Amino acid sequence: MPLTAQPRPDPRRYFEAVGDERGAIAEQEPVCLYLETTNRCNLLCETCPRTFEDLEPPADMNWQLFTRIVDQFPRIARVVLHGVGEPMMVKALPRMVRYLKDRGTYVLFNTNGTLLTERKGRELIAAGLDELRVSLDAAEPRAFIAVRGKDMFDRIVRNVRAFTAMQRAEGIERPLVSLWLTGLKETIDQLPEFVRLAHRIGVPEIHLQRLVFPPEGLGLARARSALFENLEGDEVKRVDEAAALAETLGLRFNASGATEPGTSLKRASDDRPWSLCRRPWTLMYFTAHGRAIPCCIAPFSMRGYDGFTLGNATQESLRQIWNGPRYQEFRRALLSNKPPPACASCGVRWSL
């Protein structure tokens with residue numbers, strides 16, 4: 001079977017329901033949930049806050065909390081089952097996927113791919129997973145160790161190759177598989193080879209992921225590693241070369257935030273770029289312990305959770321949180337000239 005990029009839903013459609021009329025109160029229920037199925041991980045990534053600080057005590061989201069959250073919005077359109085941990089460490093993950101698919105929800109998550117065995121892959125297929133995003137971050141082992149902290153590059157490549165080969169052999173179209181590379185000065189030169197690697201192992205889609213970092217920087221998550229508004233001549237050529245190569249090979253080449261790579265690395269034209277964000281009117285994010293925070297970017301943008309906690313699903317209903325005083329204050333600030341600290345650099349130091 002030839003390698004072709006299967007059509008998939010445009011993720012932007014989940015967030016276009018909110019127009020320009022945004023206020024402190026959200027007039028509609030969220031259309032997307034981010035559920036941090038675990039905050040545990042088996043890697044030590046140099047771009048991840050959990051490598052450098054204890055955000056919350058180690059935990060998997062228990063079944064009672066998972067169903068308590070999901071059951072409050074039974075018609076939710078999209079659920080993302082990841083946060084700062086590795087979802088495939090969670091034994092109940094396929095059960096969670098199936099619980100959501102039985103409601104007609106679009107389900108996806110990011111994984112580091114280290115635990116993608118045939119058995120676990122088949123369990124996710126049987127559960128109906130729509131999308132499997134593999135964060136690889138390098139095109140060869142040495143760069144992988146530098147970014148992700150452990151020597152597991154070859155294992156991940158074998159796992160993904162075996163999974164996509166099984167899909168092709170058996171005519172299985174879901175989940176849609178993609179490879180993700182965080183945009184770093186240290187690894188951008190590997191982007192064309194990253195495209196070739198994806199093609200060799202049967203992955204039809206590549207994403208260039210934004211690098212988000214707090215002011216003081218942590219590991220490789222620091223200003224000098226960032227590409228945003230900081231591309232030099234050779235780096236521009238690598239992005240263009242990767243895009244052209246992907247087109248030649250019949251692969252999709254996109255960027256985080258449902259944009260193309262060139263756009264994702266440029267500052268928004270608005271002088272208040274954070275005000276363009278629709279997330280506090282369209283989605284809710286819950287940590288493994290049930291803490292509500294604004295979005296998946298927030299944990300990477302500043303230290304600790306106390307500065308942007310918006311509620312707790314173990315103590316309040318989702319509707320109480322969604323239009324409660326903390327969410328209203330957060331939305332009001334996001335629309336002002338003094339955005340919440342977690343959002344102040346969005347579109348200024350990294351793309352939306």
Side-chain angles (χ1 to χ4, degrees), residues 32-66 68-69 79-93 96 109-112 114-115 133 135 137 147-150 180 182 184 209-223 225-226 256 277 279-280 283-316 318 321 324 326-327 330 339-346 349-350:
C32 177
L33 295 176
Y34 277 70
L35 303 182
E36 186 180 80
T37 48
T38 186
N39 60 22
R40 299 181 299 120
C41 192
N42 58 349
L43 292 182
L44 296 169
C45 299
E46 287 289 315
T47 55
C48 182
R50 72 169 305 284
T51 300
F52 303 96
E53 61 177 324
D54 294 325
L55 297 166
E56 288 186 316
D60 296 347
M61 181 176 284
N62 63 55
W63 185 254
Q64 181 180 7
L65 178 57
F66 171 77
R68 171 182 167 84
I69 292 173
V79 173
V80 182
L81 294 176
H82 68 242
V84 298
E86 169 48 50
M88 294 194 72
M89 296 180 73
V90 179
K91 291 183 179 179
L93 184 65
M96 292 174 169
F109 63 84
N110 277 45
T111 177
N112 60 35
T114 59
L115 303 175
R133 301 176 172 183
S135 297
D137 281 346
V147 177
R148 314 224 68 184
K150 292 187 179 181
W180 291 61
T182 301
L184 297 169
Q209 172 71 43
R210 68 171 65 83
L211 173 67
V212 181
F213 54 93
E216 67 273 23
L218 294 167
L220 289 175
R222 59 190 190 273
S225 292
S256 51
C277 181
R279 291 179 179 89
L283 66 83
M284 299 183 83
Y285 181 119
F286 292 96
T287 70
H289 289 273
R291 184 192 300 256
I293 61 178
C295 71
C296 62
I297 297 175
F300 295 79
S301 66
M302 60 183 291
R303 302 292 292 271
Y305 285 159
D306 292 342
F308 50 81
T309 295
L310 302 175
N312 192 313
T314 67
Q315 301 170 14
E316 310 161 85
L318 269 61
I321 297 170
R326 280 176 285 186
Y327 243 112
F330 190 89
C343 307
S345 293
C346 201
R349 287 194 316 213
W350 53 79

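These numbers were taken from a predicted model, which means no experiment stands behind them. Positions are given from 1 along the sequence. Because only heavy atoms are used, hydrogens play no part in the values below, and waters and symmetry mates are left out as well, while side chains stay in.
- Not a single donor-acceptor pair under 3.5 Å links the side chain of Arg349 to the backbone N or O of Cys346.
- For Ala221, the side chain to side chain contact (heavy atoms under 4.5 Å, CB included) criterion is met by Leu211, Phe213, not counting sequence neighbours.
- Side chains of Arg148 and Ser135 form a contact here, defined as non-hydrogen atoms less than 4.5 Å apart.
- The shortest side-chain heavy-atom distance between Cys45 and Val147 does not fall under the 4.5 Å cut-off.
- Remark: the backbone N or O of Met61 is not paired with any side-chain donor or acceptor of Glu36 at under 3.5 angstrom.
- Considering only residues two or more places apart in sequence or on other chains, Glu46 meets the salt bridge (charged side-chain N to carboxylate O under 4.0 Å, His left out) condition with none of them.
- Nearest heavy atom pair, residue His82 against residue Pro87, reads CB-CG, 3.6 Å.
- Pairing each heavy atom of Arg222 with each of Gly219, the nearest pair is NH1-O, 2.5 Å.
- For Glu53, the CD atom counts as densely surrounded, since its 6.0 Å shell holds more than 12 non-hydrogen atoms of other residues, nucleotides or ligands.
- Side-chain atoms of Arg303 never come within 3.5 Å of backbone atoms of Pro214 as a donor-acceptor pair (strictly under, hydrogens ignored).
- Note: Leu310 CG to Tyr305 OH = 12.5 Å, rounded to the nearest 0.5 Å.
- When the ring-ring contact (aromatic ring centres under 6.0 Å, His included) test is applied to Phe330, no partner is found at least two apart in sequence or on another chain.
- Pairing each heavy atom of Arg326 with each of Gly311, the nearest pair is NH2-CA, 3.6 Å.
- Interatomic distance, Leu44 CG to Thr51 OG1, rounded to the nearest 0.5 Å: 5.5 Å.
- Side-chain contact check for Thr287 versus Asn39: every heavy-atom pair is 4.5 Å or farther apart.
- The closest side-chain heavy-atom distance from Ile293 to Tyr34 is not below 4.5 Å.
- With Leu33 as reference, Ile69 is the one residue of Leu81, Ile69, Val80 to meet the side-chain contact (heavy atoms from CB on, under 4.5 Å) rule.
- Residues forming a side chain to side chain contact (heavy atoms under 4.5 Å, CB included) with Asp60 (at least two apart in sequence, or on another chain): Thr38, Arg40, Val90.
- Taking 4.5 Å as the limit, every side-chain heavy atom of Ile297 sits out of range of all side-chain heavy atoms of Tyr285.
- Inter-residue side-chain proximity for Asn42 and Leu115 is flagged as met; some heavy-atom pair is nearer than 4.5 Å.
- Atoms CE and NZ, from Met96 and Lys91 in turn, are 13.5 Å apart once rounded to the nearest 0.5 Å.
- Looking at His289 and Thr314, their side chains never come closer than 4.5 Å, going by heavy atoms from C-beta outward.
- The heavy-atom pair separating Pro299 from Pro49 by the smallest distance is O-CG, 3.5 Å.
- The ring-ring contact (aromatic ring centres under 6.0 Å, His included) test applied to Phe300 returns no partner, not counting sequence neighbours.
- In this structure, Phe109 has no ring-ring contact (aromatic ring centres under 6.0 Å, His included) partners at least two apart in sequence or on a different chain.
- Between Ala313 and Leu318, the shortest heavy-atom distance links the atoms CB-CD1, 4.3 Å.
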Between Glu86 and Asn112, does the side chain to side chain donor-acceptor pair (under 3.5 Å) criterion hold? Intermediate values first, please.
CA-CA 7 Å; Glu86 169 48 50; Asn112 60 35; 3.3 Å; yes
Could you give me the CA-CA distance, side-chain angles and deciding distance for Asp306 and Arg291, then say whether side-chain contact (heavy atoms from CB on, under 4.5 Å) is met?
CA-CA 10 Å; Asp306 292 342; Arg291 184 192 300 256; 3.7 Å; yes
Using the rule given for side-chain contact (heavy atoms from CB on, under 4.5 Å), can you reason through Thr47 versus Leu184, listing the C-alpha separation, both sets of side-chain angles and the distance that settles it, and then say yes or no?
CA-CA 10 Å; Thr47 55; Leu184 297 169; 4.1 Å; yes
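- The two residues Ala342 and Ser301 have their closest heavy-atom pair at O-OG, 3.1 Å.
- Side-chain contact check for Arg50 versus Cys41: some heavy-atom pair is nearer than 4.5 Å.
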